[in-house]
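Structure record follows, encoded as structure tokens.
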Amino acid sequence: MPPTYDSQLTMEKTPSYFVTKGVPSRIFNMSKETKFIVVVRDPVTRAVSDYTQALAKRNDVDSFEAMAFEDNSTGLVDTSWGAIRIGVYAKHLERWLQYFPLSQVHFVSGERLITDPAGEMHKVQDFLGISRSITEKNFVFNSTKGFPCLLRTPGGSARRPHCLGKTKGREHPKIDPKHPHLLRNIGNSSPVDRHVTSGYNLDSVTSLL
Ligand SMILES: Nc1ncnc2c1ncn2[C@@H]1O[C@H](COP(=O)(O)OS(=O)(=O)O)[C@@H](OP(=O)(O)O)[C@H]1O
């Protein structure tokens, strides 16, 4: 981590931290005050998204159903498959809560980050205790891509908005509609997961723990 003045915040982004054993204790030993921002998404959609990414890299990938189910007829889900294991958020969160209070963890809804990026960023800035300098003015919706893009200097020079690259926002393969339904069983292991999969009101995750 770079040296930081008292008036500064150092931020670091490593998605795999949230799901990697041993990381909470290492970060705790570095700084007990660290705050965590976790972007979550409907775990079924994120599994399909991971699978889409694998398809883009290799052409010898089994079908989604073959990877996701231990037994396709009963719908028994293979939670050891990385694409699914990562989305069992409560299991990972439990490890973090052995070291850090939930008040140091903020969940961002990946869905709302797309439909209301400024609203989600307001909450992130409040969580970090910094002024709301990122607002509605920082976002423009790119209707071709179907996602918001970031304007670093709103109202400033004619700089183009920054959109995420071509590999983000990929079209997902069609999965048999009955499978996502069955897959939602992966999210039934705890109140947090149930909450995440149904309704997606992460604001009150706290009240469920
Ligand atoms: N603003 C904006 N622009 C483009 N894409 C956006 C945006 N906000 C969120 N998303 C969603 O981000 C998903 C990819 O993010 P990941 O963190 O999974 O990417 S990656 O694993 O590093 O490739 C990607 O998932 P897929 O749709 O499955 O590709 C997008 O749905």
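Order of listing sets the numbers, starting from 1, for every ligand and every atom in it. Only heavy atoms go into these numbers, but all of them, side chains included; no hydrogens, no water, no symmetry mates.
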Atom indices of ligand 1, in the order listed, that fall short of 4.0 Å to a heavy atom of [X]:
{"X": "I114", "answer": "8 (N), 9 (C)"}
{"X": "S49", "answer": "25 (O), 26 (P), 28 (O)"}
{"X": "L164", "answer": "2 (C), 3 (N), 4 (C), 5 (N), 6 (C), 7 (C)"}

Query raised in the report: Hey, does T52 sit under 4.0 Å from ligand 1 if you only count heavy atoms?
Result: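 No, T52 has no heavy atom closer than 4.0 Å to ligand 1.
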Query raised in the report: Looking only at heavy atoms of H172, does any of them come nearer than 4.0 Å to an atom of ligand 1?
Result: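 H172: in contact with ligand 1 (<4.0 Å).
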Using distance alone, decide if ligand 1 has a nitrogen or oxygen within less than 3.5 Å of any nitrogen or oxygen in [X].
{"X": "K145", "result": "no"}
{"X": "F147", "result": "no"}
{"X": "G110", "result": "no"}

Requested in this report: Just need the protein heavy atom nearest to atom 1 (N) of ligand 1, so name the residue and atom and give the distance.
Outcome: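 Heavy-atom neighbour on the protein nearest atom 1 (N) of ligand 1: P148 O, 2.8 Å.
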Report task. Could you check atom 27 (O) of ligand 1 against the protein and tell me its nearest heavy-atom contact, residue, atom and distance included? Result ->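 Going by distance alone, atom 27 (O) of ligand 1 is nearest to G169 CA, 3.4 Å.
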Report task. Check each of Q53, E171, R41 against atom 21 (O) of ligand 1 and report the one with the nearest heavy atom. Result ->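 Nearest option to atom 21 (O) of ligand 1, by heavy atoms: Q53.
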Query raised in the report: Which residue from R170, K166, K168 reaches closest to atom 16 (P) of ligand 1 through any of its heavy atoms?
Result: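 Ranked by closest heavy atom to atom 16 (P) of ligand 1, first place is K168.
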Atom [atom1] in [X], atom [atom2] in [Y]: separation rounded to 0.5 Å?
{"X": "F147", "Y": "N142", "atom1": "CZ", "atom2": "CG", "value": "10.0 Å"}
{"X": "Q104", "Y": "T34", "atom1": "CD", "atom2": "OG1", "value": "7.5 Å"}
{"X": "F28", "Y": "W96", "atom1": "CZ", "atom2": "CH2", "value": "12.0 Å"}
{"X": "K57", "Y": "T167", "atom1": "NZ", "atom2": "OG1", "value": "8.5 Å"}

Query raised in the report: Under the criterion ring-ring contact (aromatic ring centres under 6.0 Å, His included), which of F100, F36, F127 is the partner of H106?
Result: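 Testing H106 for a ring-ring contact (aromatic ring centres under 6.0 Å, His included) against F100, F36, F127 leaves exactly one candidate, F127.
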Report task. Could you tell me whether D6 atom CG has more than 12 heavy atoms of other residues or ligands within 6.0 Å of it? Result ->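 No, CG of D6 has 12 or fewer neighbouring heavy atoms, counting only those of other groups under 6.0 Å.
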**Report entry** M11 side chain reached by L128 side chain, heavy atoms, under 4.5 Å
**Finding:**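 They are in side-chain contact.
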Query raised in the report: Distance below 4.0 Å between atom 12 (O) of ligand 1 and any protein heavy atom?
Result: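 So far as the 4.0 Å threshold goes, atom 12 (O) of ligand 1 is out of reach of every protein heavy atom.
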Query raised in the report: Distance-only, no hydrogens or angles: does the S109 side chain make a donor-acceptor pair with backbone N or O of F107 under 3.5 Å?
Result: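 Such a contact is absent between S109 side chain and F107 backbone.
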Query - Donor-acceptor side-chain pairing of T10 and E12 below 3.5 angstrom - result: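 Short answer, no.
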